[in-house]
Amino acid sequence: MTINDVRLVELPRFLDARGNLSFVEQLNHIPFEIKRTYWIYDVPGGEARGGHAFRQNQEFIIALSGAFDVVVDDGKSTKSFTLNRSYYGLYVPVGLWRVINNFSTNAVALEFGSIHYDEQDYIRNYDEYIKLRSSGQI
Ligand code: TYD
């Protein structure tokens, strides 16, 4: 997988005088079965989250509130996606290094994962990530 496999997905929107509604479905807007949902919130100004890659886990990230940037890196190039509307999601396939930064005040990042939490699935060292990429192991 490369940064070109990262996709911004526009989600359905029902606009209504009473307020708006959006939704996501697994194996539809999200191209995998959801095994886990978590959210990141109350991020202090200037902090970054992530800074790792996954061996198996695929992700789908929504800015439920506020805004932040998701920076993806495949060892050769990087690309930054700004998420600032709750009707867009970012699909991040396996094997990419990713960082989430530039959180606005009150930003909430909702993340869906394709596997249960497993620390062994994380690659948290960038040099190790580059070695695994160059030897084709990830
Ligand atoms: P981590 O994935 O390192 O956060 P981020 O990549 O967003 O900066 O997770 C932070 C802590 O939360 C870590 O100790 C593991 C724990 N955690 C779980 O127990 N389950 C989960 O699903 C996630 C995502 C994290």
Side-chain angles (χ1 to χ4, degrees):
M1 294 295 168
T2 74
I3 55 167
N4 296 322
D5 297 301
V6 177
R7 286 201 314 274
L8 202 54
V9 179
E10 186 168 1
L11 301 172
R13 266 196 295 169
F14 289 86
L15 306 180
D16 194 307
R18 301 168 301 160
N20 304 335
L21 181 151
S22 289
F23 66 94
V24 274
E25 293 177 348
Q26 63 180 353
L27 303 177
N28 183 1
H29 318 96
I30 298 181
F32 54 79
E33 259 184 49
I34 299 164
K35 288 280 170 52
R36 186 160 50 106
T37 305
Y38 63 97
W39 47 100
I40 294 170
Y41 53 97
D42 289 349
V43 178
E47 287 293 340
R49 303 291 312 214
H52 51 62
F54 296 115
R55 298 168 199 271
Q56 300 284 333
N57 190 45
Q58 304 170 60
E59 295 180 284
F60 192 89
I61 306 171
I62 298 175
L64 217 47
S65 174
F68 50 80
D69 295 336
V70 182
V71 184
V72 290
D73 176 343
D74 59 16
K76 292 204 167 122
S77 314
T78 67
K79 200 167 173 179
S80 178
F81 294 86
T82 297
L83 296 183
N84 56 11
R85 293 281 182 264
S86 61
Y87 52 88
Y88 276 96
L90 189 71
Y91 169 63
V92 183
V94 284
L96 300 182
W97 188 266
R98 71 114 175 107
V99 173
I100 308 182
N101 58 22
N102 279 334
F103 285 88
S104 70
T105 305
N106 291 331
V108 179
L110 180 66
E111 309 204 12
F112 300 96
S114 65
I115 67 167
H116 291 144
Y117 175 72
D118 176 8
E119 185 57 37
Q120 301 306 312
D121 190 53
Y122 282 74
I123 301 155
R124 293 189 182 271
N125 179 294
Y126 190 72
D127 292 340
E128 185 193 350
Y129 172 70
I130 294 298
K131 276 187 198 144
L132 290 168
R133 279 299 294 200
S134 18
S135 60
Q137 291 179 74
I138 188 170

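One-based numbering, in listed order, for ligands and for the atoms of each.
Remark: the backbone N or O of Ile34 is paired with a side-chain donor or acceptor of Gln26 at under 3.5 angstrom.
Applying the 4.0 Å criterion to heavy atoms of Ile40 picks out, from ligand 1, the atoms 7 (O). Close approach to Arg36 involves these atoms of ligand 1, each under 4.0 Å from a residue heavy atom: 21 (C), 22 (O), 23 (C), 24 (C). Every atom of ligand 1 is numbered from 1 in the order shown, and the set under 4.0 Å from a heavy atom of Arg124 is 1 (P), 2 (O), 3 (O).
Within 4.0 Å of atom 17 (N) of ligand 1, at least one protein heavy atom is present. Under the 4.0 Å distance rule, the nearest protein heavy atom to atom 11 (C) of ligand 1 falls outside the cut-off. The presence of a protein heavy atom under 4.0 Å from atom 14 (O) of ligand 1 is ruled out.
Considering backbone and side-chain atoms together, His52 places an N or O closer than 3.5 Å to an N or O of ligand 1.
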Candidate pair Asn102 and Phe68, rule side chain to side chain contact (heavy atoms under 4.5 Å, CB included), full reasoning: CA-CA 5 Å; Asn102 279 334; Phe68 50 80; 5.6 Å; no
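The residue Ile100 has no part lying near ligand 1, judged by heavy-atom distances below 4.0 Å.
A side-chain contact (heavy atoms from CB on, under 4.5 Å) with Arg13 holds for exactly one of Leu11, Leu15, Asp16; it is Leu15.
Of the candidates Tyr122, Tyr117, Tyr38, Tyr117 brings a heavy atom nearest to atom 21 (C) of ligand 1.
Residue, atom and distance of the protein heavy atom nearest to atom 4 (O) of ligand 1 are Arg49 NH2, 3.1 Å. The protein non-hydrogen atom at the shortest distance from atom 8 (O) of ligand 1 is Gly50 N, 2.8 Å.
Side-chain heavy atoms closer than 4.5 Å link hydrophobic residues (I, L, V, M, F, W, Y) into clusters, and following such links, even through other members, never connects Val24 to Leu27.
A salt bridge is defined here as a Lys NZ or Arg NE, NH1 or NH2 lying under 4.0 Å from an Asp or Glu carboxylate O, and Glu111 with Arg36 fails to meet this definition. The existence of a salt bridge linking Glu128 and Arg133 is excluded, since no basic side-chain nitrogen approaches an acidic carboxylate oxygen closer than 4.0 Å.
Between Phe60 and Phe112, the ring-plane angle classifies as tilted under the 30° and 60° cut-offs.
Side-chain N/O atoms of Asn106 and Ser65 include no donor and acceptor closer than 3.5 Å.
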